[in-house]
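These notes are about the structure you will find just below.
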Amino acid sequence: MPLQDLVTAEKPVPLFVEKCVEFIEDTGLCTEGLYRVSGNKTDQDNIQKQFDQDHNINLVSMEVTVNAVAGALKAFFADLPDPLIPYSLHPELLEAAKILDKTERLHALKEIVKKFHPVNYDVFRYVITHLNRVSQQNKINLMTADNLSICFWPTLMRPDFENREFLSTTKIHQSVVETFIQQCQFFFYNGEIVETTNIVAPPPPSNPGQLVEPMVPLQLPPPLQPQLIQPQLQTDPLGII
């Protein structure tokens with residue numbers, strides 16, 4: 001079902017998305033590997049099925065894991081007829097991401113986001129804000145903006161992985177979503193640009209299906225700053241730094 005059919009002027013975010021996000025933030029925001037670790041597929045499918053039968057369903061009463069709910073949320077966006085980030089704007093986003101000057105690059109991306117259909121914009125802002133909150137707990141859940149973008153960008157952009165030309169730009173696609181997560185306050189809430197650091201957080205455990213590598217250094221965006229990055233993370237056993 002098209003995204004436009006799932007929202008109203010009074011409820012600009014699909015109820016299913018709201019229920020999943022609220023459950024995750026209330027019960028499992030600090031879950032290690034959130035959005036990277038797969039939940040039970042049967043539970044994941046059942047969440048959507050039960051919701052379709054009763055929109056008032058209480059996810060807590062279903063006794064499902066946070067990973068199953070996270071998987072159901074990703075599946076929701078994967079099953080939409082069109083990706084949340086419109087295909088028509090992908091070329092512009094990729095070109096903007098190549099701009100060397102950081103401030104100019106971020107302002108260019110911000111102007112492109114304004115071209116989203118209003119429905120897509122509202123839902124995208126909601127999802128990115130949620131992922132921003134998840135990333136702020138990265139000292140516990142190990143899911144930095146970088147790691148989250150690796151897990152989420154294919155769901156939000158729905159690329160053609162069989163296109164060889166596309167494979168050469170996967171890192172840029174991932175960095176675009178990472179930047180949205182890092183600079184959430186700037187893009188959607190008139191906040192200041194977050195200054196990045198030279199500290200790179202450890203990557204998630206190896207995943208054979210992972211097609212991209214970290215690009216943009218970690219920076220926790222405002223307004224929440226739960227913990228400072230520890231200075232001892234100056235060496236990387238994998239030799240990345």
(Q) Quick check on Gln53: does its CD atom have over 12 non-hydrogen neighbours (other residues, nucleotides or ligands) under 6.0 Å away? (A)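 Atom CD in Gln53 is crowded, with more than 12 foreign heavy atoms closer than 6.0 Å.
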
Taking the side chain as C-beta and beyond, is there a heavy-atom pair between [X] and [Y] under 4.5 Å?
X: Asn67; Y: Tyr35; value: no
X: Val177; Y: Met157; value: yes
X: Phe180; Y: Leu93; value: yes
X: Pro14; Y: Val123; value: yes
X: Lys102; Y: Leu106; value: yes
X: Trp153; Y: Glu178; value: no
X: Ile128; Y: Phe187; value: no
X: Phe76; Y: Leu6; value: yes

Q) Can Asp101 and Arg105 be said to form a side chain to side chain contact (heavy atoms under 4.5 Å, CB included), step by step? A) CA-CA 6 Å; Asp101 181 79; Arg105 179 172 67 252; over 6 Å; no

Q: Decide, yes or no, whether a salt bridge links Asp45 with Lys49 under the criterion of side-chain N to carboxylate O below 4.0 Å.
A: no

**Q.** Residues Glu22 and Lys19 bridged, charged N to O under 4.0 Å
**A.** no

Does [X] reach the main-chain N or O of [Y] with its side chain, forming a donor-acceptor pair under 3.5 Å?
X: Asn141; Y: Gly33; value: no
X: Asn120; Y: Ile85; value: no
X: Gln183; Y: Val194; value: yes
X: Arg125; Y: Phe188; value: no
X: Thr144; Y: Asn147; value: yes
X: Arg158; Y: Phe77; value: yes
X: Asn138; Y: Ser135; value: yes

**Q.** Worked verdict on Val69 versus Val64 for side chain to side chain contact (heavy atoms under 4.5 Å, CB included)
**A.** CA-CA 7 Å; Val69 177; Val64 291; 3.7 Å; yes

For the student: nearest non-hydrogen atoms of [X] and [Y], plus distance:
X: Glu111; Y: Lys114; value: OE2-NZ, 3.1 Å
X: Pro12; Y: Asp122; value: CB-OD2, 3.7 Å
X: Ile112; Y: Glu92; value: CD1-O, 3.3 Å
X: Leu34; Y: Gly28; value: CD2-O, 3.7 Å
X: Leu59; Y: Phe23; value: CB-CD1, 3.7 Å

Spell out, yes or no, whether [X] and [Y] are grouped together once hydrophobic residues are joined by side-chain heavy atoms under 4.5 Å, including indirect joins.
X: Val37; Y: Val134; answer: no
X: Tyr189; Y: Leu109; answer: yes
X: Leu15; Y: Leu84; answer: yes

(Q) If you apply the rule side chain to side chain contact (heavy atoms under 4.5 Å, CB included), what do you find for Cys151 with Met143, and how did you get there? (A) CA-CA 10 Å; Cys151 297; Met143 296 305 292; 3.9 Å; yes

Q) For the residue pair His173 and His90, does the interplanar ring angle fall in the parallel (under 30°), tilted (30 to 60°) or perpendicular (over 60°) class? A) perpendicular

Q: Assign the ring pair Phe116 / Phe124 to parallel, tilted or perpendicular, where the plane angle (0 to 90°) is split at 30° and 60°.
A: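 Correct class here is tilted.
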
Q: May I ask you to check whether His130 and Tyr126 place their ring centres under 6.0 Å from each other?
A: no

Q: Consider only side-chain N and O atoms of Asp54 and Gln50, and report whether a donor and an acceptor are under 3.5 Å apart.
A: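 On atom types as modelled, these side chains do not qualify, holding no pair under 3.5 Å.
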
Q. Going by atom types only, do Gln136 and Asn132 share a side-chain donor-acceptor pair under 3.5 Å?
A.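 Result is yes, a qualifying pair exists.
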
Q: Go through Ile193 and Thr103 one step at a time and tell me if the side chain to side chain contact (heavy atoms under 4.5 Å, CB included) criterion holds.
A: CA-CA 8 Å; Ile193 293 175; Thr103 301; 4.1 Å; yes

Q: Report the C-alpha distance between His117 and Tyr121 in whole Å, list the side-chain angles of each, state the deciding distance to 0.1 Å, and finish with yes or no for ring pair (Phe, Tyr, Trp, His ring centres under 6.0 Å).
A: CA-CA 6 Å; His117 186 284; Tyr121 179 90; over 10 Å; no

**Q.** Cation-aromatic face contact Lys110/Phe186, 6.0 Å, 45 degrees
**A.** yes

Q: List the steps, then state whether side chain to side chain donor-acceptor pair (under 3.5 Å) holds for Gln44 with Asn40.
A: CA-CA 6 Å; Gln44 175 181 311; Asn40 182 282; over 6 Å; no

Q | Inter-residue atom distance Thr31.OG1 - Arg36.CZ, 0.5 Å rounding | A | 11.5 Å

